[in-house]
Amino acid sequence: MRYSQFMLPTLKEDPAEAEVISHKLMYRAGMIRKLAAGIYSYLPLGLRVIQKVERIIREEMNRAGAQEVLLPCIQPAELWMETQRWEEYGKDLLRMKDRHDRDCCFGPTHEEVITDIARREIRSYRQMPLNLYQIQTKFRDEIRPRFGLMRGREFIMKDAYSFDADEAGLEKSYQEMYKAYRRIFTRCGFTFKVVEAETGLIGGTASHEFMVLAQTGEETIVSCQSCDYAANIQKAEAKRTRPRAKGPGKTPNPLKKVETPDMKTVADVTKFLKVRPRDLVKTLIFETDQGVAAALIRGDREINQTKLGTHLGCEDVKLASDDVVLGATGASKGFAGPVGLSVKIIADYSIEPMVDFVTGANEQDAHYINVNLGRDVKVDQFADLQMVREGDLCPRCGKSLSFFRGIEVGHIFKLGTKYSKALKATYLDENGREREIVMGCYGIGVGRTAAAAIEQYHDEDGIIWPMPIAPFQAIVVPVNNKIAALMKTAEGIYRLLSSNGVEVLLDDRDSTPGVKFKDADLIGIPLRLTIGEKNLKKGLVEIRRRKNGETTLIEKDKVTETVSALIHEEMEASLQG
RNA sequence: CGGGGAGUAGCGCAGUCUGGUAGCGCGCUUGCUUCGGGAGCAAGAGGUCGGGAGUUCAAAUCUCCUCUCCCCGACCA
């Protein structure tokens, strides 16, 4: 490709709208342009990267035995009503009507459609395992799209769905995808972690996320320092402190109400009463789609709302408004407590061992001290509700947990029979019995993967593409277009490399070398061949590696083999992870 | 949907408080000179000041309404 004919509108300055590095650099490198909030066009350079990522995905999916399909983006409401998701999905689901006033939506994911295919086509256990995937545009009407391709409303996703006769089959398919995903992200050149995750709206029984490590990541990853436990913060557990057996020889003191004028926060109350935050039990009132509930947790800890929601089996869990708190407890926020409370009470395991603790008294400006479980408080259920903190102990091995930031580029789920049950996708087993198909689903954000690569690989001059997903492998830069010999050599090298299968860009623009160098750095081409007058007189050409700035001079007629060797080397290097 | 900020030339911004000729840098066009890290000089092109209504002799500037975008919070590739 010749630069002069390639649409590559680079920018010197960061666009005002961009906040994170990948968004800024994608814009500046002429890869994307915005049409509306969270909706982007891919310009030629951006599309090349997308296609590189897609190619790796296709190769690995095919290798794993999956077959590519392409499903419709517009889907009828009826199908979504069958799975209840027409109601459940909420506003992220972009709905519309066609000319006959029929309800439709733009697919945010394709479980319904693929399961519809499965229920029509799969009749026998002999037809499984089956894994179908597609690479397609999705639309999710996010409340707050941001960070360019990192969280768009319209985005390209690879989604795959596995169909098996039983759990054992699903386990196998899941493992196969797990391995394929590892290969995909390894081949893209990422440093990443696989973490246990929540299943969210997709539903199902187990799930893992593939996280590219980057400071700007939106996700917090909890990872054990010594074993391989890793989980999303929302899912992460810590080793539990067991309740002390039959009390530690301390007899509980009598319950007592104390005045705490205007002491609304844990900090206020504990300071006032001269106790530690961990000696207090926080009572948080939540509104859920199954009514109001109270959650108890130690004063120095935070509730993980996702865990609470999962435990309660609710889609929607939010901290109650002032009115609701007043209605449930009889006092304003800050004075809620479990003693005599009539709503459902769920307690985090952290309070199990506590004796003589402090709580709100459900009365304005008053707290109880010497509160004790059993005697004063009736807990409906104990559960793990806490947000894990850095330094907590690993639930598996008991060593310390650390935190990382990550970008979620892939997510795999064991769906089980959630969709096959709802949509009646069944088959006959070897005994002629009708059974539900066991499903898994597996997603990769393609655009986000490209963005994540930039977050992970860039410097102050621009993008540093890992070779496997670079839009071009090499760029040829003649330093001065007016010197015929330089241009001729550059042209010759360009043709030679092209005909040898190297993806090469020839910067044939009539601009100063500084401009060409800056742009080459910005768009992040791994190898730069500089054709300068002085070197050329000695029959030499300069090769510069974007990733480390290393430059070497090589004989003009050894360009092809050197470039090929370097490309090979960098491709191999990315496979090492 | 709350809370904060912004819409002025392709991009980045000033001008708005205190109404009166629409400006700067980059980019773009032409010419000459330059050419190994975003060149110099000269001459140009380019704007319904997001949109609508109002106040006024006069509105980018004041008032009201609206649209859009960005940032901070609720699980999502």
**Request:** Remember a base hit wins even if backbone is also touched, and classify A/Asp521 as base, sugar-phosphate or nothing at under 4.0 Å, heavy atoms.
**Result:** base
**Prompt:** Ring of A/Phe517 versus six-membered ring of B/G36: centres under 5.5 Å and planes under 30°?
**Reply:** no
**Message:** Say we look at B/A77 and B/C71: how far apart would their C1' atoms be, to the nearest angstrom?
**Reply:** 23 Å
**Message:** Students often get this wrong, so: under 4.0 angstrom with heavy atoms, is A/Thr449 touching a base, only sugar-phosphate, or nothing?
**Reply:** nothing
**Prompt:** Of the non-hydrogen atoms in A/Ala453 and A/Trp465, which two are nearest, and what is the gap between them?
**Reply:** CB-CZ3, 4.0 Å
**Prompt:** With a non-hydrogen cut-off below 4.0 angstrom, is A/Gly152 in contact with a base, only sugar-phosphate, or nothing?
**Reply:** base
**Asked** With a 4.0 Å cut-off on heavy atoms, is A/Gly445 in touch with a base, just the backbone sugar-phosphate, or nothing at all?
**Response** base
**Item:** Touch class at under 4.0 angstrom, heavy-atom based, for A/Arg144 against every strand present
**Value:** base
**Asked** Contact class for A/Gly532 (heavy atom, under 4.0 Å): base, sugar-phosphate, or nothing?
**Response** base
**Prompt:** Base, sugar-phosphate alone, or nothing: which one does A/Glu219 contact when heavy atoms must sit under 4.0 Å apart?
**Reply:** base
**Message:** By the 4.0 Å heavy-atom rule, please label A/Ile156 as base, sugar-phosphate, or nothing.
**Reply:** nothing
**Prompt:** Checking all strands, does A/Asp92 fall into the base, sugar-phosphate, or nothing category for heavy-atom contacts under 4.0 angstrom?
**Reply:** nothing
**Asked** Between A/Tyr457 and A/Lys547, is there a cation-pi geometry (under 6.0 Å to ring centre, at most 45° from the normal)?
**Response** no
**Asked** Is the shortest side-chain N/O distance from A/Lys12 to OP1 or OP2 of B/G27 below 4.0 Å?
**Response** yes
**Complete:** When rounded to whole Å, the CD to C1' distance for the pair A/Glu287 and B/A74 reads 13 Å
**Asked** For B/G19, what is the paired nucleotide under Watson-Crick or G-U wobble rules, both distances under 3.5 Å?
**Response** none
**Message:** Over all strands shown, is A/Lys34 touching base, sugar-phosphate only, or nothing at heavy-atom distances under 4.0 angstrom?
**Reply:** sugar-phosphate
**Request:** Kindly indicate whether a cation-pi arrangement holds for A/Arg95 with A/Trp80, taking the cut-offs as under 6.0 Å to the six-membered ring centre and within 45° of the axis.
**Result:** no
**Item:** N or O in side chain of A/Arg140 less than 4.0 angstrom from B/A77 OP1/OP2
**Value:** yes
**Message:** At 4.0 Å (heavy atoms only), tell me whether A/Phe147 reaches a base, stays on the sugar-phosphate, or touches nothing.
**Reply:** sugar-phosphate
**Request:** Determine which nucleotide pairs with B/A74, using a 3.5 Å limit on both distances of a Watson-Crick or G-U wobble pair.
**Result:** none
**side-chain N/O A/Thr530 vs B/G36 OP1/OP2, d < 4.0 Å** = no
**Prompt:** Do A/Leu497 and A/Leu529 have side-chain heavy atoms sitting under 4.5 Å apart?
**Reply:** yes
**Message:** So A/Arg33, base contact, sugar-phosphate only, or nothing? Heavy-atom distance under 4.0 Å.
**Reply:** nothing
**Complete:** When both distances are under 3.5 Å in a Watson-Crick or G-U wobble arrangement, the nucleotide paired with B/C69 is B/G5
**Prompt:** With sequence neighbours left out, what residues match A/Lys52 under salt bridge (charged side-chain N to carboxylate O under 4.0 Å, His left out)?
**Reply:** A/Glu503
**Prompt:** Atom NZ of A/Lys516 and atom P of B/A39: how far apart are they, to the nearest Å?
**Reply:** 12 Å
**Message:** Just to be sure I understand the rule, does A/Arg153 reach a base, reach only the sugar-phosphate, or reach nothing, if contact means heavy atoms closer than 4.0 Å?
**Reply:** nothing
